[in-house]
Each structure stands twice: as C-alpha cells, then as structure tokens.
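Read the structure below first, then the notes.
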Number of protein chains: 2
Amino acid sequence: MEFDIRQSTGHLMVHVMKLHRHTFHKLTEEYDIFPGQPPLLFRLHEKDGQSQKELAESMRVKPATLTVMINRMVKNGHVVRRPDPADQRVSRVYLTDRGRSVMDSVREALALLEEVSFRSFSAEDKQLFHRQLQQMVKDLSEFDAGKYAEGGSTTEME
Amino acid sequence: MEFDIRQSTGHLMVHVMKLHRHTFHKLTEEYDIFPGQPPLLFRLHEKDGQSQKELAESMRVKPATLTVMINRMVKNGHVVRRPDPADQRVSRVYLTDRGRSVMDSVREALALLEEVSFRSFSAEDKQLFHRQLQQMVKDLSEFDAGKYAEGGSTTEME
DNA sequence: GATATATAGTTAGCCGGCTAAATAAAGGAG
DNA sequence: CTCCTTTATTTAGCCGGCTAACTATATATC
C-alpha cells in the first residue's frame, strides 16, 4: 500500500482551496479586490493606521509580500500609506473611503462562501472540523519547528 | 453577529495549506522539487509520455501553468519534452532518470506530511474529514457553476 | 559626536496559479 | 489545392507567497 498522491487528503485540500479562491475572485473582482486582500481590509477596519510590520505579523505574511499588496491596493484606491511622524522608518496604512465602502461586499462574499462550503455540515460537524484544523496547525507547526533539531544534519557527516 | 474573517474556517484552511506547503518545500528543496510539482511527477510515473493537455486536465491546472512548470523541471533535469511524431502540435512529457530517482523521496515527504497532519485524528475521523472535503468540492463546484445562470446580471438593468 | 548596529520597508527574482493573445500544426470546406 | 477553423502549446502579464539583498532611519556604544 504505497502512498498515492491522488487519493491523499492533502491533495484534496489543495483542490478545495483552489475552488474557494476562484469563487471568491469571481465574487469580488468587480470591486478590484483580490483573494489575498481581505485579511488586510479586515484588520484595518478593526484598527486603522497599523504599521506594515504589525500587519504582516498579524496576517502571518512576510513584510515583502505586504509591500507589494499594499502598492496594488493604493493604486486601486482602497488604502493609503502615511509615514509615522514619530518614526520615519515606519509607514502606517489607512483605509480610504473606497476601502471602507467595499468592506460590506467583501464580508458578504466571504460569508456566502463560508455558507456554501459548509452547506452540508451540521453545526456540530462544522465545529469539529474547525477544531480539527486547529489541531492540524498545531501538529504541523510542531513538526516544522522540531524537524531540524532532531533528525538534523548538522553533525552527521565528518 | 457579523462575519469575522479571523474566526472563519476558510481563513484557517488557508493557514493550514500555507504551513503544509512550506513544510513540504523544506523537505524536498534539496531535490529541486517544488510544491506544485508532485502531481506531475506522480502522473508521469503512473503513465509516462502523456501530452500536456492530458496532464493539465488530470491535474486540474491550465495548460499555460503546465508549460512553465515543465520548463523548470526540464531545466532541473526531472522530465523531458518530446514532440509526438504523429501530431506535431502535441508534445509528450517523459520522466528522466533523475525524475524517477526522486520519486521515492517525494513520496516519502508527502506521506510524512499526511501522517503529521492527521496525527491527532482517529481513522474514522480522517475518513469523515476526507468525505467532508469531497462534499465541499461538490457544493463549491455547484455554486460556482450556477452562480451566473440565476442571480445573473445579464438582464437586470435597463 | 562619530561609528556601529538594529529595525522597517523596498526591490529583485523565484514558484504556482490565472487569463488573454499569439504561434504553429492539423483538419475541413470549397 | 487553397483558405478557414480548430486544437496544442507558448508568451506576456497579473496576483500572492517566499527569500535575499539593499536603503533609510533609529538607537546604542565608544
């Protein structure tokens, strides 16, 4: 019984996420909002004027990724960047009127997608599913963190 | 009770997949294999010399995506492209010796990741989880297909 | 105060997905 | 046989993620 990628759950999850992303895109492209952007929108809506570093950490994304995303969203008029007066290194990000006005539609799109995705789940099943994902995050994170400490290759040759 | 992206299961799944991808990458970068490539490797291992169109369909990826991926894998020596003698439009893709030799490690990495991801699941839970994902694919696909037929915007204004 | 170090952000370049438009080869209509 | 259409692949350009290297500003040390 060799491992077959085509029947693996990991492979299936990739497919689900691709569908999810694709459908979200169709629902929101008319607002010039793209699939990676809602997390930023929501965080700014909750607390405007955060620094890129704060945002990157909270979104679990690298600062370089955010720089580029924010450039696009500035171009599309959803956010603006303003330097922090007290520290010229940090630039703070603010929602524009357009950014704020788009929030509702984005929220609706996400809520709809969530509804569709779990349409066939009972409330209990969905809760279980969510907890299982959290457990998976834990197990994957632990593995990733420990992978090199033990099986490591630091002292194996020579 | 407004929809909050930070507590949505969709958001959580994105995070899980990012972790999954990242860990796979760490496990296989020494073979010059990247996270999108295993599906291609496995399909060729199962049936060598498929056309790019066949592969794209089976992998649920656009032909343009495959073209680029194959270019890289040719450069890294995992596959080769040879034109179909009977039809000069189609180019068939074959595993090289390196491609074949790398299969085992890739398979192991994927199996390991699958093991880690579902480490805390009972066999029944994992099966249920898998079936739930399949159902999700179904519901999302149906929604995506029907989205424009009904709520469509073809005849709504004017 | 001048130099060294740390921190925030940007740029360049890569992988993986997409769409739209361009090639190139096969097939079909006349 | 020539012209038109279909089909397979490629190219260009975009979004989203990453790393590595660079810039600019703050801070710390001497």
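In what follows, chains are A, B, ... by sequence order, proteins preceding strands, each numbered from 1. The figures here come from the full heavy-atom set of this structure, side chains too, leaving out hydrogens, waters and symmetry mates. The model shown is predicted, which means the values in this text are computed figures rather than measured ones.
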Touch class at under 4.0 angstrom, heavy-atom based, for B:R21 against every strand present: sugar-phosphate
Is the Lys NZ or Arg CZ of A:K126 less than 6.0 Å from the centre of A:F118's six-membered ring, within 45° of the axis? yes
Grab the CG-C1' distance between B:D84 and D:dA8 for me, whole Å please. 11 Å
Hydrogens and angles aside, do B:Q135 and B:D139 bring a side-chain donor and acceptor to less than 3.5 Å of each other? yes
Under 4.0 Å from OP1 or OP2 of C:dG16: is there any side-chain N or O of B:R72 that close? yes
Rounded to whole angstrom units, what separation is found between the CD atom of B:Q37 and the P atom of C:dC15? 8 Å
Could you give the NE2-to-P distance, from B:H20 to D:dG17, as a whole number of Å? 18 Å
When the distance from CE of A:M17 to P of C:dC18 is rounded to whole Å, what number comes out? 15 Å
Which nucleotide in the set D:dG16, C:dA12, C:dC18 lies at the smallest distance from any side-chain heavy atom of A:A64? C:dA12
From C:dT11, C:dC18, C:dC15, nucleotide with atom closest to A:T67 side chain: C:dT11
Among the candidates C:dG17, D:dA8, D:dT10, find the nucleotide nearest to the side-chain atoms of B:M69. C:dG17
Counting heavy atoms from C-beta on, name the nucleotide in C:dG9, D:dG17, C:dG17 closest to the side chain of A:S51. C:dG9
If you assign each of B:K53 and A:P85 to its closest nucleotide in DNA chain D, which residue comes earlier from the 5' end? B:K53
Quick note, B:D87 side chain, CB onward, closest among D:dT9, D:dC15, C:dA25 is C:dA25
Rounded to the Å, how far apart are A:Q88 CD and C:dT7 C1'? 14 Å
Within the pair A:R81 and C:dT10, is there a side-chain N or O less than 4.0 Å away from OP1 or OP2? yes
How close or far is atom C1' of C:dC18 from atom CG of B:D144, stated in whole angstroms? 14 Å
Starting from P on D:dG16, measure out to CD1 on A:I70 and report it in whole angstrom. 12 Å
Rounded to whole Å, CZ of A:R89 lies from P of D:dA24 at a distance of 14 Å
With a 4.0 Å cut-off on heavy atoms, is B:V68 in touch with a base, just the backbone sugar-phosphate, or nothing at all? nothing
Evaluate the criterion salt bridge (Lys or Arg N to Asp or Glu O under 4.0 Å) for residue pair A:E54 and A:R43; output intermediate values, then yes/no. CA-CA 10 Å; A:E54 287 170 337; A:R43 275 160 182 82; over 6 Å; no
Does the plane of the ring in B:F42 sit parallel, tilted or perpendicular to the ring in A:F3? Use 30° and 60° as the thresholds. perpendicular
Does A:K62 have a side-chain nitrogen or oxygen under 4.0 Å from the phosphate oxygens OP1 or OP2 of D:dG17? no
Residue closer to the 5' end of DNA chain C, B:P63 versus B:A86 (nearest nucleotide): B:P63
Kindly confirm or rule out a cation-pi arrangement of B:R81 over B:Y94, judged by NZ or CZ under 6.0 Å from the six-membered ring centre and within 45° of its axis? no
Scanning both residues in full, the closest heavy-atom pair of A:H22 with B:D144 reads CE1-OD2, 3.2 Å
B:R92 near the nucleic acid: base, sugar-phosphate alone, or nothing, with a heavy-atom cut-off under 4.0 Å? nothing
Base, sugar-phosphate alone, or nothing: which one does A:S91 contact when heavy atoms must sit under 4.0 Å apart? sugar-phosphate
